[in-house]
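Just below is one structure, and these are the notes that go with it.
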Number of protein chains: 2
Amino acid sequence: MQRDNSKKQQNVTIYDVASRAGFSVSTVSRVFNGYEFVRESTRERILEAADELGYVANLQARSLAGGRSRYVGLLAPGLDNGYVGGISQGVDRALASAGYGLMLFTTHHHRGQELAYIDTIANGLTAGLLITVPLVPKSYVEALQQQQFPVVLIDQADTSIQSSVVDTTNWQGGYTATEHLINLGHRRIGFITGLMALRSATDRLAGYKMALKDHDIAQDEALIVEGDYMREMGYAATRQLLTLERRPTAIVAANDFTALGAMEAIHDDGLTIPGDISIIGFDDIPEARVVHPKLTTVRLPLEQMGRVAVELLLEHIEDPDLQPKHITLSTQLTERQSCAAPNALSVST
Amino acid sequence: MQRDNSKKQQNVTIYDVASRAGFSVSTVSRVFNGYEFVRESTRERILEAADELGYVANLQARSLAGGRSRYVGLLAPGLDNGYVGGISQGVDRALASAGYGLMLFTTHHHRGQELAYIDTIANGLTAGLLITVPLVPKSYVEALQQQQFPVVLIDQADTSIQSSVVDTTNWQGGYTATEHLINLGHRRIGFITGLMALRSATDRLAGYKMALKDHDIAQDEALIVEGDYMREMGYAATRQLLTLERRPTAIVAANDFTALGAMEAIHDDGLTIPGDISIIGFDDIPEARVVHPKLTTVRLPLEQMGRVAVELLLEHIEDPDLQPKHITLSTQLTERQSCAAPNALSVST
DNA sequence: AGGCTTATTGCAAGCGCTTTCAAAACGGCT
DNA sequence: AGCCGTTTTGAAAGCGCTTGCAATAAGCCT
């Protein structure tokens, strides 16, 4: 309140353009909004004047006055993992080609902040919101919807939320991964789960169980260890699996981070991958292609998810009354080098 | 213009709060801006009313009316690399603790867009701008500065730009990396450069050369291959180095991506790291800890850079007349497993 | 109690732009 | 020339909030 920081003289407003071109602000506004009933010569003169003055629209004022924002918000937990990276890339590209800008907000798990962010955004800075935060409180989403604010959830846990959602075939992915290992000859297959509060985690686990069942392999509870999608737990869980009397010849990790932790644990134990133990991840984050051996994983179409989410959101923005849609994209097994047939010794065990 | 998309009835404004609390909008505004001369009881009543109504400030209006934005913009090339990731994490954290929000804009190398972004942002959505794009046109930055818009460049190439900059000791890093290898016993040390248009690239190379010189090792032009900071070039450059009659026993890569490519090439050639060839990178992106063997690298204090840049920017926001500062952070050698003494055979060669 | 200083609050004028609503200009027809 | 349906414009009312200025209410002193 005290400090000045006042507007710099610099600001060229629509008024300046108007007077320079010799028309009213309304007409200038129309030109910049592509209104059709403006004489061609008028349009030109205005554009010319704007050019000379170096005019740039003030988004805030425009939005305040009821104009439409050309930005879309993306709410993400943080920039620190490949998962968000992949999605946001897809989002960014799709947005760019639709003439929208991306505004990414990070929550860093500070629960309180999420609300503030959403408030802020919903306040009109953006035309719609994409949410990749794993556990958005249902109430937030509902508040947004009540305001008729366009929202699309990405890979969201809570299926009770009535909103457009883009997700993937987690169950199928779990099934495919497991079956891949079975086809390779594995019979003792460990599974490190994700954060069980999330739908994706339970689905992937269910897929794993079903695959075992379909191939008449008895399920062994000792082979299923609960994780939390984080690397550290992947490491710990794997150590636990390795101490088993009859240790698994292969492990399905609920996501790549977990798999990375698992690989580390296996290495630390002096075992080789895939020689002694095969390992398969989930997500296909960039790191998966970099570790040694390269990680075989169930690819989540991250980038595609982002793109589809954008398309969906744009539809909602166009038509506020559009019914929520649920789009499920399919996962795909990406074979690399971390899986092989179990070695004879292990199998005989 | 045609479509409706009008404001939903929902919007609780400062007027609603004012009338509910029985005070004027000015007072309500003061309460929300932490103005001191407001009676405690008044403040309480207003806060209470706001709470009951679920009031949230409209950022746009606030900013339009001259209020200060509590967001800082970050202009980055894209979310797809660990470098930006590291910096943006630091930025995000520092911002969060200063009560600011982060608005990340990606340019994806669409040169044209950068301008539009900057325009947009400069237009008042944010209080200041952080730029990590490698080659921002000087004119953009100058335009921004002319408007007295706070800007801080991160690790920027063009030193002729008169603006606050945060960068790192690239020269020192190149020197340290090379010296590390020399101390290990290497004498034939290859160097794969970065994009030579960038200052960081030339500095790192210069550091390498000086280290060789200081240790009386003749410089061999054949050992220096030009790269572009990208993985693919790292791979290609390394293949080239490996075909040398007297191939190097160690390679300094201008950044981690390049190093990653180099490692791949070495593997593909059937050589081991660090057995046959030692390799050292630059940056310490997250992937460096994940590859096998883990990459020894010159750590760029990415996160710290982000944090420092934020502090600097905040200073500029507080005091628009602050002179540009140039802060250089030091790099640090992070030893992991990709470097070892050259094996006897290679040395004798 | 009267006067003066200081703390609180309200008024009202914008911030830059969009968007009705209505007036002004055209063009074409009779 | 006179009338009518369009096409182009301009005037003016906000959008929700900040703030300078002025008015009012408290406090304190003599």
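Values below: all heavy atoms of this structure, side chains included; hydrogens, waters and symmetry mates excluded. Protein chains get the first letters and strands the later ones, always in sequence-line order, with residue 1 at the start of each.
For B/Phe37, counting side-chain heavy atoms from C-beta on, the closest listed nucleotide (D/dT18, C/dT19, C/dT8) is C/dT8. Among the nucleotides C/dT18, C/dA7, D/dT18, the one closest to the side chain of B/Asn33 is D/dT18. Of all nucleotides listed (C/dT9, D/dT8, C/dT18), C/dT9 comes nearest to the side chain of B/Phe23. For A/Ala65, counting side-chain heavy atoms from C-beta on, the closest listed nucleotide (D/dG14, D/dC17, C/dT8) is D/dG14. Nearest to the side chain of B/Arg39, among C/dT9, C/dC17, D/dT18, sits C/dT9. Closest to the B/Thr13 side chain, of the nucleotides C/dC17, C/dT9, D/dC17, is D/dC17.
If A/Tyr55 and B/Ser41 are placed on DNA chain C by their nearest nucleotide, the residue sitting closer to the 5' end is B/Ser41.
Using a 4.5 Å cut-off on side-chain heavy atoms (C-beta onward), A/Ile327 and A/Leu329 make contact. The closest side-chain heavy-atom distance from A/Val152 to A/Lys325 is not below 4.5 Å. With a 4.5 Å cut-off on side-chain heavy atoms, A/Leu314 and A/Tyr100 count as touching. Here the side chains of A/Tyr55 and A/Asp16 are not in contact, with every heavy-atom distance at 4.5 Å or above.
In this model, the phosphate group of C/dC17 is not approached by any side-chain N or O of A/Ser29 to a distance below 4.0 Å at OP1 or OP2.
Protein atom CG of B/Asp16 is 10 Å distant from nucleotide atom C1' of D/dG16, rounded to whole Å. Rounded to whole angstrom, the span from the CD atom of A/Glu40 across to the C1' atom of D/dT9 amounts to 16 Å. Atom CZ of A/Arg43 and atom C1' of D/dT7 are 13 Å apart (whole Å). Atoms CD1 (B/Ile14) and C1' (C/dC11) sit 14 Å apart, rounded to a whole Å. Atom CZ of B/Arg62 is separated from atom C1' of D/dC17 by 8 Å (rounded to the nearest Å). The CG-P distance, from B/Asn58 to D/dG14, rounds to 18 Å in whole Å.
Comparing the start and finish of the helix from C/dA1-D/dT30 to C/dT30-D/dA1, five pairs each, the helix axis swings through 50°, to the nearest 10 degrees.
Residue B/Ile87 holds its CD1 atom at 6.5 Å from CG of B/Asp155, rounded to the nearest 0.5 Å. Considering CZ of B/Arg62 and CG of B/Asn58, their distance stands at 9.0 Å, rounded to 0.5 Å. Taking CG from A/Leu53 and CZ from A/Arg20, the interatomic distance works out to 5.0 Å, rounded to the nearest 0.5 Å. Here the OG-CG distance, from B/Ser164 to B/Leu322, works out to 6.5 Å after rounding to the nearest 0.5 Å.
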Close N or O pairs between protein and nucleotides 11-13 of chain D (under 3.5 Å):
{"residue": "D/dA11", "atom": "N7", "partner": "A/Ser26", "partner atom": "OG", "Å": "3.3"}
{"residue": "D/dA11", "atom": "N6", "partner": "A/Ser26", "partner atom": "OG", "Å": "3.2"}

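At distances below 3.5 Å, not a single donor-acceptor pair connects side-chain atoms of A/Thr328 with backbone N or O atoms of A/Val166.
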